[in-house]
Number of protein chains: 2
Amino acid sequence: MAVTIHDVARRAQVSVSTVSRAFTMPDLVRPATREQILRAADELGYRPNRAARGLITGKTGNLGIVVPDLQNPFFPSVVSGAQAQARLADYAVFLADSGEDPRLEAELIHAMTKQVDGVIVCSSRMDVDDLRRATESTTLVLLNRKNPGVPAVLMDSADGIRQAIEHLAALGHRRCAFLSGPRNSWSNKERRRGLRTASRLYGVEVVELGPFAPVFEAGLQAADIALASNVTAIVAFNDLMALGVLNRLNDRKIRVPEEMSVVGFDDIAMAGMCTPQLTTVEMPTQQGGRAAVDLLLDQLAGGDDDRGAAQQRMVGTQLIVRASTAPPRT
Amino acid sequence: MAVTIHDVARRAQVSVSTVSRAFTMPDLVRPATREQILRAADELGYRPNRAARGLITGKTGNLGIVVPDLQNPFFPSVVSGAQAQARLADYAVFLADSGEDPRLEAELIHAMTKQVDGVIVCSSRMDVDDLRRATESTTLVLLNRKNPGVPAVLMDSADGIRQAIEHLAALGHRRCAFLSGPRNSWSNKERRRGLRTASRLYGVEVVELGPFAPVFEAGLQAADIALASNVTAIVAFNDLMALGVLNRLNDRKIRVPEEMSVVGFDDIAMAGMCTPQLTTVEMPTQQGGRAAVDLLLDQLAGGDDDRGAAQQRMVGTQLIVRASTAPPRT
DNA sequence: ACAGTTTCTGCAAAGGTTTGCAGACTCTCC
DNA sequence: GGAGAGTCTGCAAACCTTTGCAGAAACTGT
């Protein structure tokens with residue numbers, strides 16, 4: 001059925017070894033022969049069987065990427081960046097969605113290991129033991145999670161929130177709420193850390209609420225809680241929650257930004273589409289996905305010599321000021 | 001490095017064949033032996049190498065899914081449904097994003113064929129020749145595209161738009177605009193078809209504008225065009241465009257729904273989060289993804305006997321009435 | 001205890017590719 | 001024209017499984 005290297009060899013009147021070399025080490029075969037082979041391959045529509053190749057080289061040419069929730073626009077964006085970058089290096093990508101379940105996340109990674117050369121784990125919620133096990137069984141890079149000894153691309157959440165608080169302080173806010181995200185999310189920890197220093201730095205009192213699930217519905221729920229806490233601004237863990245807040249405030253006839261300022265995080269597409277348009281911290285998602293692939297590929301190329309060991313790449317964030325923030329009512 | 005079936009065999013003191021059978025045809029090996037093997041495998045952390053298995057069985061245990069644009073929330077939703085369903089059957093899924101490029105779409109499918117047992121192509125924009133070629137080189141199922149001889153799951157767009165027009169007619173609209181989507185999209189053709197019959201059926205005059213790209217920005221652009229065409233309601237090809245329309249109308253101080261009704265298509269999460277909340281036709285995306293996987297798996301199990309040949313599964317759509325539609329101003 | 005079944009198990013080939021090794025060319029230079 | 005070096009090419013083993021075939025073990029019934 002399928003056309004193999006043998007078919008090509010026969011048609012080009014050479015041995016399979018030569019065909020193989022014509023593809024993988026072109027300069028080892030005489031140009032004339034090579035061209036002949038390439039032509040034959042082309043005519044037959046030959047594509048090397050990567051599984052067979054992988055069997056012997058130990059490389060699959062595949063990458064895995066696991067995300068906590070595909071329904072959160074943050075992740076498709078990361079994935080699409082990663083997939084595009086992987087494609088440039090002729091890698092295919094496996095995708096898995098853990099549904100925010102740390103156990104499933106570990107299991108998915110484990111299930112992938114044999115089929116991929118490495119995996120990118122986004123916003124991992126695994127505990128450190130599972131993470132260590134995963135690191136041992138395949139080469140992986142984390143995105144938005146930090147762990148000693150494992151390479152990662154990190155988005156500077158702490159600075160992002162600093163920018164947000166600076167912005168609110170400049171507008172005159174003195175007391176605001178932070179709607180906390182998943183407890184075991186590195187991003188959330190970073191944001192809380194950044195929050196504390198920014199709070200001191202700009203003299204803004206911050207009340208932390210939550211943790212909440214990083215979804216729209218939690219924003220609806222959190223809005224009322226925030227309202228009860230006597231603040232003039234709300235910073236949400238992510239845009240999905242911020243949109244929930246906006247929605248609930250609208251229902252309760254609280255005008256944004258006149259009576260309450262709202263800041264999100266991620267700058268998902270929706271943030272620029274709602275009314276009022278959401279002030280938010282932009283996360284370089286596509287770029288992050290690309291960077292993660294680069295890092296992974298480096299890691300694979302570098303072989304087993306952990307020179308430089310746990311590389312980490314930090315990418316910047318940027319506050320996007322839109323219409324959901326304004327000076328507090330006096 | 002990696003633990004193979006040989007290691008397990010050695011430890012369990014049996015031959016590799018027996019180990020293999022213990023996994024793939026458990027009832028062919030004596031229970032005592034089987035348990036011994038399973039224990040050994042467990043202790044060693046053995047996982048069969050799917051590539052090697054695939055080499056001999058001709059099955060990879062992988063599925064491919066290609067989408068035109070991961071940034072459109074419609075597709076992550078389909079993908080997540082598909083991925084979940086695939087996982088139940090112990091299949092892993094490859095993901096590829098064609099960026100709305102028909103040529104790239106064909107190329108991606110081709111690149112996948114050797115690594116997957118079949119592929120799901122969502123909202124394919126390929127021309128029929130490429131599609132035929134693809135069908136020949138792998139088993140595939142289409143989602144939201146119909147082609148003779150190839151199995152597909154289809155969402156009933158025509159009926160969806162009928163519901164939308166019926167709704168608008170009931171509200172008293174007599175003339176409305178349809179913002180057309182990609183020319184070579186089956187969904188778009190269906191919607192236009194449904195539109196014509198609904199237009200007659202309910203006595204609503206429809207002016208067709210476009211085609212537009214199925215993205216937010218095109219909605220901004222289309223809004224002005226629609227405004228110039230003297231209609232009281234706008235039906236957009238999808239929610240992304242509808243949100244663009246909403247946005248632009250807001251900028252131009254046209255109140256929705258008082259001065260203009262807007263209907264979208266897809267019911268992406270955002271549709272319920274914006275203000276005013278968008279009246280839209282819900283597409284069963286997750287269910288569609290699941291159904292596509294089922295169909296594909298059936299197809300694979302069915303072998304080469306094309307009994308029933310091109311199966312098609314049609315799934316229903318449902319108008320979700322929210323706040324963006326109202327009777328026209330008199 | 002023995003022949004005849006039935007149930008388990010092992011051997012070895014196969015699947016498509018890569019790669020070390022060695023043999024076969026081609027070329028250069030004397 | 002022939003030796004020597006360099007460049008290409010082919011053979012065969014290897015990667016990890018599955019599976020047809022046949023032999024071994026465990027039964028059954030007498």
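Quick caveat: nothing in here was measured; it's all calculated off a predicted structure.
As judged by a 4.0 angstrom heavy-atom cut-off over every strand, B/Y46 is placed among residues touching the sugar-phosphate backbone only. Residue-level contact check: B/T4 touches the backbone only, with heavy atoms under 4.0 Å from sugar-phosphate atoms and none from bases.
Axis angle across the helix from C/dA1-D/dT30 to C/dC30-D/dG1, with five pairs used at each end and values rounded to 10°: 30°.
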*With the sugar-phosphate defined as primed atoms, P, OP1 and OP2, and the base as all remaining atoms, what B/S/- string results for nucleotides 4-9 of chain C, 5' to 3', for protein heavy atoms under 4.0 Å?*
----SB
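Scanning all heavy atoms of the two residues, the minimum distance from B/Q83 to A/A96 falls at NE2-CA, 3.5 Å. Counting all heavy atoms, side chain and backbone alike, B/Q36 lies closest to B/A12 at NE2-O, 3.1 Å. Scanning all heavy atoms of the two residues, the minimum distance from B/R34 to B/P26 falls at NE-O, 3.2 Å.
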_Step-by-step salt bridge (charged side-chain N to carboxylate O under 4.0 Å, His left out) determination, B/D42 to B/R39_ = CA-CA 5 Å; B/D42 195 45; B/R39 186 148 27 87; over 6 Å; no
*Run the side-chain contact (heavy atoms from CB on, under 4.5 Å) check on A/L63 and A/I65 step by step: do they pass?*
CA-CA 7 Å; A/L63 259 43; A/I65 178 165; over 6 Å; no
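Contacts between residues 37-45 of chain B and DNA chain C, defined by a heavy-atom separation below 4.0 Å, involve no residue at all. Less than 4.0 Å separates DNA chain C from at least one heavy atom of each of the following residues of residues 47-56 of chain B: B/A52, B/L55, B/I56.
Between A/S17 and B/V16, it is B/V16 whose nearest contact on DNA chain C lies nearer the 5' terminus.
Here A/T60 pairs with A/D117 under the side chain to side chain donor-acceptor pair (under 3.5 Å) rule; sequence neighbours left out. The side chain to side chain contact (heavy atoms under 4.5 Å, CB included) test applied to B/L143 returns B/V78, B/C122, B/V153, B/M155, B/A292, not counting sequence neighbours. Residues passing the side chain to side chain donor-acceptor pair (under 3.5 Å) test with B/R133 are B/D130, sequence neighbours excluded. Evaluation of the side chain to side chain donor-acceptor pair (under 3.5 Å) rule for B/R290 yields B/Q85 as partners, not counting sequence neighbours. Qualifying side chain to side chain donor-acceptor pair (under 3.5 Å) partners for A/S77, counting only residues two or more places apart in sequence or in other chains: A/T285.
Note: B/F94 and A/F94 have parallel aromatic rings, judged against thresholds of 30 and 60 degrees for the angle between ring planes.
Heavy-atom neighbours of B/K59 NZ from other residues, nucleotides or ligands within 6.0 Å: above the threshold of 12.
If you take CG on A/L142 and CH2 on A/W186, they are separated by 10.5 Å, rounding to the nearest 0.5 Å.
Residue pairs that meet the side chain to side chain donor-acceptor pair (under 3.5 Å) test with at least one member in residues 11-30 of chain B, sequence neighbours left out, are B/R11-B/E43, B/S15-B/S17, B/S15-B/T18.
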Can you give me every donor-acceptor pair (side chain of residues 105-115 of chain B, partner residue at least two apart or in another chain, under 3.5 Å) with its distance?
unit_1: B/E105; atom_1: OE1; unit_2: B/R125; atom_2: N; d: 3.1
unit_1: B/E105; atom_1: OE2; unit_2: B/S124; atom_2: OG; d: 2.4
unit_1: B/E105; atom_1: OE2; unit_2: B/R125; atom_2: N; d: 3.4
unit_1: B/H110; atom_1: ND1; unit_2: A/R47; atom_2: NH2; d: 3.4
unit_1: B/T113; atom_1: OG1; unit_2: B/H110; atom_2: O; d: 2.8
unit_1: B/K114; atom_1: NZ; unit_2: A/R47; atom_2: O; d: 2.5
unit_1: B/Q115; atom_1: OE1; unit_2: A/N62; atom_2: ND2; d: 3.3

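Taking the 5' to 3' direction, DNA chain D first and last meets chain A under 4.0 angstrom from a heavy atom at D/dC8 to D/dC16.
Taking atom CD of B/Q115 as the reference point, atom C1' of C/dG16 lies 14 Å away to the nearest angstrom.
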